[in-house]
Amino acid sequence: MILHQLIDYETLRLIWWLLLGVLLIGFAVMDGFDLGTQILLPFVASDDLDRRVVINAVGPVWEGNQVWLIVGGGAIFAAWPPLYAVSFSGFYLAMFAVLAALILRPVGFKYRSKRDSQRWRSGWDWALFVGGIVPALIFGVAVGNVLQGVPFHLDQDLRIFYDGTTLVELLNPFALLCGALSVAMLTMHGASWLILRTSRAVAWRARRLGTFAALATFALFALGGVWVSDVDGFRFASQIVTDAPSNPLTKVVEQGPGFWFANYAAYPWMMAAPVLGFAGTLFMLLFCFLRREVLTLLASGLSVLGIIATVGLAMFPFILPSSVDPRSSLTVWDASSSHLTLFVMLVATGILLPLIVLYTTWVYRVLWGKVDAKQISSGDGHAY
């Protein structure tokens with residue numbers, strides 16, 4: 001028996017859909033508090049020392065956290081080639097804006113202290129703010145557009161054509177709501193991290209701003225749930241074939257309002273995701289009030305997990321619906337790589353992903369504790 005046939009094609013596709021969700025949630029949870037901290041930087045610090053404390057709260061770990069984004073992009077490229085082709089070409093300008101904003105992070109960290117000038121350092125502080133809020137906003141806007149369907153189609157030779165025109169069309173009201181939710185959610189998560197890693201005035205301001213961000217997250221998530229009921233969702237109108245070679249054009253898809261709620265009606269256990277999204281936010285507020293720092297961060301992370309999982313479970317098995325040709329929509333069952341490719345990738349992931357988790361755990365254990373303002377002000381050569 002050929003080794004890769006030990007796991008059938010349908011199961012491999014489902015496993016890789018789950019792994020893609022794990023990688024995206026891992027990025028949102030791990031790098032999300034970095035982005036949230038950057039968003040809060042100009043508002044939680046009153047002087048240069050406070051800003052250095054904030055920067056050093058994420059400075060030692062942000063590079064490792066960003067690995068989740070790189071691995072997620074690589075997984076999309078290898079496991080879901082059509083998804084990679086449509087998203088990275090159709091959203092090219094948006095991706096370029098995200099990349100330009102992310103570049104500001106290492107540059108800002110390294111260059112900020114090169115000159116002892118208030119104007120120079122303030123400029124880099126705002127650059128770091130841009131490097132946090134732009135990716136948070138665009139990632140949310142992208143999710144909003146995916147829920148509405150992306151304008152692309154496939155011809156009979158499975159060539160992909162993106163039918164969108166400009167970046168402005170992506171900034172529609174529902175997508176902007178999703179973008180605002182993303183910003184509020186990651187700001188809440190960043191505040192939770194600062195509450196854990198800093199003390200005194202910075203932690204107090206982070207607690208206050210994190211409270212507002214959590215309330216905004218709860219309200220925007222609820223509003224998004226109400227709004228999505230009027231958004232045309234997608235569902236199969238033909239028999240679902242789960243183990244055939246990938247070809248999106250072999251199915252029939254229909255659109256209609258409320259279709260994104262069908263999975264929750266069919267599988268009530270999926271309601272755990274939105275419940276976790278709301279409950280995590282409420283527990284973050286509770287633990288923040290009780291001064292339980294670790295639990296505040298954990299609750300915030302669970303809220304992020306629940307909110308993102310809510311979208312993924314609602315859309316299953318769709319991963320990128322088409323608004324101009326529903327039949328061209330990409331799903332778990334017809335947009336994946338071959339059986340052999342998915343199996344080889346699964347073996348590699350089974351070896352490498354635990355190593356990444358173990359290394360990350362070790363790093364956080366070594367770096368555990370609050371950032372010491374006195375140590376930074378005394379001229380520690382390892383501090384930003």
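The basis for the numbers below is simple: all heavy atoms, side chains too, and nothing from hydrogens, waters or symmetry mates.
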K.L.:
So, for Ile138 and Val98, which heavy atoms are closest and what is the spacing to 0.1 Å?
P.N.:
CG2-CG2, 3.5 Å
K.L.:
If I compare all heavy atoms of Ser199 with all of Lys370, which pair ends up nearest, and what's the gap?
P.N.:
CB-CD, 4.0 Å
K.L.:
Determine the interplanar angle of the Phe278 and Phe221 rings, folded into 0 to 90°, and report it as parallel if under 30°, tilted if 30 to 60°, perpendicular if over 60°.
P.N.:
tilted
K.L.:
Supply the atom-to-atom distance Arg115 CZ to Trp124 CH2, rounded to the nearest 0.5 angstrom.
P.N.:
11.5 Å
K.L.:
Suppose we call two aromatic rings close when their centres sit under 6.0 Å apart. Are Phe318 and Phe259 close by that rule?
P.N.:
no
K.L.:
Working to the nearest 0.5 angstrom, can you tell me the gap between Asp334 CG and Thr242 OG1?
P.N.:
11.0 Å
K.L.:
Side chains of Thr296 and Ser192: any donor to acceptor distance under 3.5 Å?
P.N.:
no
K.L.:
Is the Tyr264 ring parallel, tilted or perpendicular to the Phe261 ring (thresholds 30°, 60°)?
P.N.:
tilted
K.L.:
Specify whether Phe234 and Trp260 have parallel, tilted or perpendicular ring planes, treating 30° as the upper limit for parallel and 60° as the lower limit for perpendicular.
P.N.:
tilted
K.L.:
If I compare all heavy atoms of His339 with all of Ile7, which pair ends up nearest, and what's the gap?
P.N.:
NE2-O, 2.6 Å
K.L.:
Using modelled atom types only, decide if a donor and an acceptor are shared between the side chain of Asn65 and the backbone of Asp34 within a distance under 3.5 Å.
P.N.:
no
K.L.:
Heavy-atom distance under 4.5 Å between the side chains of His189 and Trp193, does that happen here?
P.N.:
no
K.L.:
Under 3.5 Å, side chain of Ser329 to main-chain N/O of Ser322, donor-acceptor pair present?
P.N.:
yes
K.L.:
Atom CG of residue position Asp47 - does it have more than 12 heavy atoms of other residues, nucleotides or ligands inside 6.0 Å?
P.N.:
yes
K.L.:
Would you call Arg200-Asp50 a salt bridge at under 4.0 Å N-O?
P.N.:
no
K.L.:
Quick one: does Ser337's side chain have a donor or acceptor within less than 3.5 Å of a partner on Ala78's backbone?
P.N.:
yes
K.L.:
If we ignore angles and hydrogens, is there a donor and acceptor under 3.5 Å between the side chains of Thr11 and Asp8?
P.N.:
yes
K.L.:
Does Arg13 count as lying over the ring of Tyr9, i.e. NZ or CZ under 6.0 Å from the six-ring centre, within 45 degrees of the axis?
P.N.:
yes
